[in-house]
Protein chains: 2
Amino acid sequence: MRIGQLAQLVGVETQTIRFYEQQGLLPPPDRQDNGYRVYTERHVEGLAFIRRCRILGLSLAEIHELQSYQDDPHQPCTAVNALLDDHISHVRSQITALQALEKQLVSLRASCNDDREVEACGVLAGISEGNMHQQ
Amino acid sequence: MRIGQLAQLVGVETQTIRFYEQQGLLPPPDRQDNGYRVYTERHVEGLAFIRRCRILGLSLAEIHELQSYQDDPHQPCTAVNALLDDHISHVRSQITALQALEKQLVSLRASCNDDREVEACGVLAGISEGNMHQQ
DNA sequence: ATTGACCTTATAGTAGCTTTATAGTTTAAA
DNA sequence: TTTAAACTATAAAGCTACTATAAGGTCAAT
Ligand SMILES: [Zn+2]
Ligand SMILES: [Zn+2]
Ligand SMILES: [Zn+2]
Ligand SMILES: [Zn+2]
């Protein structure tokens, strides 16, 4: 199968596939005489794996790490589990930070109703005053 | 005041100040004969405003928009409030997405205890199987 | 005279693609 | 058969918000 078919099958753009190949996440496929890439079922699986990892928010580096574990299937899987644990705590701290941010934004927004002039806008005043606690 | 003093006062790096100037967020200051930038109190306020906006998660484009409102102080402030509302809903949708993600990751993690081989790792199997719903 | 701290510009790197430019190949319609 | 659409290729730039590096000019003190 050629790159366009693979792209459609997995639901990515062709450039993304070339990009993953360039980044070492997808093995370089064979080429036809005209230089066109030829993909196999293993590439479909590999690409789908990458995409599902991306949907889970894993970075390309983390995906690369997972792949290296897959290449050595008789190791204990503690490292895989640890990678996921790290990622989960990463996601959790993002959530916490965003929730604090939301609170701050909502209280800022509450300091203005509409029907004012910019000059007297509670939002702009709130930002300009700067009695904010970081983070 | 020169760029280093401004940087220290507001708590950013000098390159960041030049970057904001280049991006049109901070007005170009006067120069000494030797080419050194000379800043005034207005630059201090302007830079502090930018930084507080950044802490609130506003993009440079959004900050630029806010500045354009400030330049026209007798307009009604509805646009300012609307910008903040948009930003809040943006933040909220990020939170929602991350919470869904966390749930997915936690359930994936629960499908493996340690003490398995990579071959049998519940996490890797869970990703490879691909019975995930997007987003 | 030379060290060190400061300033200048220009350029590249970060993440994960997307977009653009330019060009060659295949396939189908006219 | 010609030609146009659709596909492929590579290389390079663009996106965000900086950060880092390089190579050099300026200034005060030693
Ligand atoms: Zn992660
Ligand atoms: Zn307002
Ligand atoms: Zn926003
Ligand atoms: Zn496991």
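In the text below, chain A, chain B and the rest are named by the order of the sequence lines, each starting its count at 1.
- Between Met1(B) atom CE and dC6(C) atom C1' there is a gap of 15 Å when expressed in whole angstrom units.
- Applying the ring-ring contact (aromatic ring centres under 6.0 Å, His included) test to pairs two or more places apart or on separate chains, those with a residue in residues 19-43 of chain B are Tyr39(B)-His43(B).
- Under the rule for a side chain to side chain donor-acceptor pair (under 3.5 Å), the partners of Gln32(B) that lie at least two apart in sequence or sit in another chain are Asn34(B).
- A distance-only check finds no donor-acceptor pair linking the side chain of Ser128(A) to the backbone of Ala125(A) [under 3.5 Å].
- Within the structure, salt bridge (charged side-chain N to carboxylate O under 4.0 Å, His left out) pairs that include any residue of residues 9-31 of chain B comprise Glu21(B)-Arg37(B) (at least two apart or interchain).
- Side chain of His87(A) to backbone of Leu56(A): a donor-acceptor contact under 3.5 angstrom is found.
- Around atom CD of Gln8(B), no more than 12 heavy atoms belonging to other residues, nucleotides or ligands sit under 6.0 Å away.
- The side chain of Arg2(A) places no N or O atom within less than 4.0 Å of a non-bridging phosphate oxygen (OP1 or OP2) of dT26(C).
- Counting only heavy atoms from C-beta outward, the side chains of Val38(A) and Met1(A) never approach each other to under 4.5 Å.
- Side-chain contact between Ile63(B) and Gln67(B) is present, with at least one heavy-atom pair separated by less than 4.5 Å.
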Each nucleotide N or O in nucleotides 21-23 of chain C that has a protein N or O under 3.5 Å away: list the pair and distance.
none

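- Side chain of Ser111(A) to main chain of Gly122(A): a donor-acceptor pair is present (N/O by atom type, distance under 3.5 Å, no hydrogens or angles).
- Comparing Gly4(B) and Gln22(B) by the nucleotide of DNA chain C that holds the closest heavy atom to each, the one mapping nearer the 5' end is Gly4(B).
- Contacts between residues 41-52 of chain A and DNA chain D, counted as heavy-atom distances below 4.0 Å, involve no residue at all.
- With Thr16(B) contributing its side chain and Val12(B) its backbone, the two residues share no donor-acceptor pair below 3.5 Å.
- In this structure Glu62(B) satisfies the salt bridge (charged side-chain N to carboxylate O under 4.0 Å, His left out) test with no other residue, sequence neighbours excluded.
- Using a 4.5 Å heavy-atom threshold, the side chains of Val106(B) and Lys103(B) count as separate.
- On the nucleic acid side, DNA chain D has its first and last nucleotide under 4.0 Å of a heavy atom of chain B at dA17(D) to dC27(D), going 5' to 3'.
- Two end axes, each from the C1' atoms of five base pairs, can be drawn for the helix from dA1(C)-dT30(D) to dA30(C)-dT1(D); they diverge by 40°, to 10 degrees.
- Under the 4.5 Å side-chain criterion, counting only non-hydrogen atoms from C-beta, Leu66(A) is in contact with Cys53(A).
- Every residue meeting the side chain to side chain donor-acceptor pair (under 3.5 Å) condition with Asp85(A), not counting sequence neighbours, appears here in chain and number order: Arg109(B).
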* To do: Report the C-alpha separation of Val118(B) and His74(A) in whole Å, then their side-chain angles, then the decisive distance to 0.1 Å, and conclude whether the side-chain contact (heavy atoms from CB on, under 4.5 Å) test is met.
  => CA-CA 6 Å; Val118(B) 162; His74(A) 291 292; over 6 Å; no
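- Listed by residue number, Arg31(B), Gly35(B), Tyr36(B), Arg37(B) are the residues of residues 29-40 of chain B with a heavy-atom contact under 4.0 Å to DNA chain C.
- Under the rule for a side-chain contact (heavy atoms from CB on, under 4.5 Å), the partners of Asn113(A) that lie at least two apart in sequence or sit in another chain are Arg116(A).
- Within residues 10-18 of chain B, the residues approaching DNA chain C are Arg18(B), by heavy-atom distance under 4.0 Å.
- Put simply, CG on Leu6(B) is 10 Å from P on dC7(C), counting in whole angstrom units.
- At most 12 heavy atoms of other shown residues, nucleotides or ligands fall within 6.0 angstrom of atom CG in Asp115(A).
- Side-chain contact between Leu6(A) and Arg2(A) is absent, with no heavy atoms from C-beta onward closer than 4.5 Å.
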